[in-house]
**Student:** 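Encoded as structure tokens, here's the structure I'll be asking about.
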Amino acid sequence: MQMLLIGLSFKNASINIREKVSFSQNEIENVLFKLKCYDEIKEIVILSTCNRTEFYIITDELEKTRNFLITFIEKEKNINFNSIQDSFYTYYNKF
């Protein structure tokens, strides 16, 4: 098992971008339900505040899961990830 962290924060994303990818409490419950159906995600935590949105994921397939999550965020938030990808950071196995 490995850990994947993908997210953005006030340090590297404007408020406009942070608002586009933030999740309310009700949304988080729904998103967690949808994401748990993806076999590569073994465990997941979503942290979404006014300052950051981060996904902490335990998986065996880091790149495959990262790509899946990016596509999922695009669909869920109706955004083009390419237009905001510079605001996101990705860390692998940083504990």
Side-chain angles (χ1 to χ4, degrees):
M1 298 284 178
Q2 300 182 71
M3 185 171 165
L4 166 66
L5 164 59
I6 184 168
L8 52 76
S9 76
F10 69 95
K11 293 179 181 179
N12 55 344
S14 69
I15 186 70
N16 268 354
I17 293 173
R18 293 194 319 266
E19 285 177 345
K20 287 180 183 178
V21 297
S22 69
F23 292 90
S24 69
Q25 182 64 36
N26 289 338
E27 287 177 308
I28 287 176
E29 292 174 16
N30 188 35
V31 167
L32 288 172
F33 179 78
K34 291 177 183 178
L35 288 173
K36 76 176 188 176
C37 295
Y38 182 63
D39 290 337
E40 301 303 331
I41 295 177
K42 307 304 180 195
E43 297 179 40
I44 184 168
V45 172
I46 301 172
L47 174 64
S48 189
T49 70
C50 60
N51 288 326
R52 74 181 70 238
T53 297
E54 295 177 329
F55 295 82
Y56 297 83
I57 299 171
I58 302 297
T59 182
D60 289 324
E61 299 288 337
L62 292 171
E63 282 303 315
K64 186 176 177 183
T65 302
R66 181 184 183 278
N67 293 336
F68 169 80
L69 185 60
I70 288 168
T71 302
F72 180 84
I73 292 169
E74 283 184 315
K75 290 179 183 174
E76 195 70 24
K77 291 299 186 174
N78 195 26
I79 58 172
N80 179 345
F81 188 80
N82 290 332
S83 67
I84 60 171
Q85 69 182 350
D86 291 341
S87 299
F88 274 81
Y89 43 83
T90 303
Y91 297 107
Y92 301 103
N93 295 315
K94 299 275 184 181
F95 296 95

**Student:** For Arg18 versus Ser9, what's the shortest heavy-atom pair and its separation?
**Tutor:**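 Minimum heavy-atom separation between Arg18 and Ser9: CD-C, 3.7 Å.
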**Student:** To check you understand the geometry: which heavy-atom pair defines the closest contact between Ser87 and Ile17, and what is its length?
**Tutor:** OG-CD1, 3.4 Å
**Student:** Looking only at non-hydrogen atoms, find the nearest pair between Glu40 and Thr59 and report the distance.
**Tutor:** O-OG1, 2.7 Å
**Student:** Is a side-chain donor or acceptor of Glu76 paired with a backbone partner of Ile73 at a separation under 3.5 angstrom?
**Tutor:** no
**Student:** Does some side-chain heavy atom of Leu32 sit less than 4.5 Å from a side-chain heavy atom of Val45?
**Tutor:**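 No, too far: nothing below the 4.5 Å cut-off.
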**Student:** Rounded to the nearest 0.5 Å, how far does CD of Glu29 lie from OG of Ser24?
**Tutor:** 8.5 Å
**Student:** Might you point out which heavy atoms bring Thr53 and Ser22 nearest each other, and give the distance in Å?
**Tutor:** OG1-CA, 3.6 Å
**Student:** Check this for me, if you would: do Glu61 and Arg66 make a salt bridge, where the nitrogen-to-carboxylate-oxygen distance has to be below 4.0 angstrom?
**Tutor:**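 Not counted as a salt bridge, because no side-chain N and carboxylate O are separated by less than 4.0 Å.
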**Student:** Should Met1 and Tyr56 be regarded as members of a common hydrophobic cluster, given that ILVMFWY residues are connected when their side-chain heavy atoms come within less than 4.5 Å of each other, either directly or indirectly?
**Tutor:** yes
**Student:** Please step through side chain to side chain donor-acceptor pair (under 3.5 Å) for the pair Tyr89 and Glu54, ending with a clear verdict.
**Tutor:** CA-CA 9 Å; Tyr89 43 83; Glu54 295 177 329; 2.5 Å; yes
**Student:** Are Arg52 and Thr49 close enough that some pair of their side-chain heavy atoms sits under 4.5 Å apart?
**Tutor:**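 Yes, close enough: below the 4.5 Å cut-off.
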**Student:** For the pair Leu62 and Asn93, evaluate side chain to side chain contact (heavy atoms under 4.5 Å, CB included) and give the outcome as yes or no after the intermediate values.
**Tutor:** CA-CA 9 Å; Leu62 292 171; Asn93 295 315; 4.1 Å; yes
**Student:** Is the NZ or CZ atom of Lys77 both under 6.0 Å from the centre of the six-membered ring of Phe23 and within 45° of that ring's axis?
**Tutor:**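 Yes, a cation-pi geometry holds between Lys77 and Phe23.
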**Student:** Val21 versus Phe88: any side-chain heavy-atom pair under 4.5 Å?
**Tutor:**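 The answer is yes, as the side chains (C-beta and beyond) meet within the 4.5 Å cut-off.
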**Student:** Check this for me: Lys36, atom NZ, are more than 12 non-hydrogen atoms of other residues, nucleotides or ligands nearer than 6.0 Å?
**Tutor:**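 Open: at most 12 neighbouring heavy atoms sit under 6.0 Å from NZ of Lys36.
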**Student:** Distance check, rounded to the nearest 0.5 Å: Ile28 atom CD1 versus Leu35 atom CG?
**Tutor:** 11.0 Å
**Student:** With a 4.5 Å cut-off on side-chain heavy atoms, are Phe55 and Leu5 touching?
**Tutor:** no
**Student:** Table please: side-chain donor-acceptor pairs of residues 78-85 below 3.5 Å, with sequence neighbours left out.
**Tutor:**
unit_1	atom_1	unit_2	atom_2	d
Asn80	OD1	Asn82	N	2.9
Ser83	OG	Asn80	O	2.6

**Student:** Decide yes or no for Asp60 and Thr65: does some side-chain heavy atom of the first lie under 4.5 Å from some side-chain heavy atom of the second?
**Tutor:**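 No; the side chains remain at least 4.5 Å from each other.
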**Student:** Residues in ring pair (Phe, Tyr, Trp, His ring centres under 6.0 Å) with Phe10, at least two apart?
**Tutor:**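 By the ring pair (Phe, Tyr, Trp, His ring centres under 6.0 Å) rule, Phe10 matches no residue at all.
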**Student:** We want to know whether Tyr92 and Glu63 form a side-chain donor-acceptor pair, criterion being a heavy-atom distance below 3.5 angstrom.
**Tutor:** yes
**Student:** Compare every heavy atom of Ile15 with every heavy atom of Cys50, then report the nearest pair and how far apart it is.
**Tutor:**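 So the two residues come closest at O-CD1, 4.4 Å.
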**Student:** Quick one: are Ile41 and Ile58 in side-chain contact, heavy atoms under 4.5 Å?
**Tutor:** no
**Student:** Do Ile57 and Met3 touch side chain to side chain, with heavy atoms closer than 4.5 Å?
**Tutor:**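 The answer is no; the side chains never approach within 4.5 Å.
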**Student:** So, do Leu4 and Tyr91 sit near enough that their side-chain heavy atoms are less than 4.5 Å apart?
**Tutor:** no
**Student:** With a 3.5 Å distance limit and no angle check, can you tell me whether Lys11 reaches the backbone of Leu8 through a side-chain donor-acceptor pair?
**Tutor:**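 Checking the backbone N and O of Leu8 against the side chain of Lys11, no donor-acceptor pair under 3.5 Å is found.
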**Student:** My understanding is that only residues two or more places apart in sequence, or in another chain, count here; which of them pass salt bridge (charged side-chain N to carboxylate O under 4.0 Å, His left out) with Glu74?
**Tutor:** none
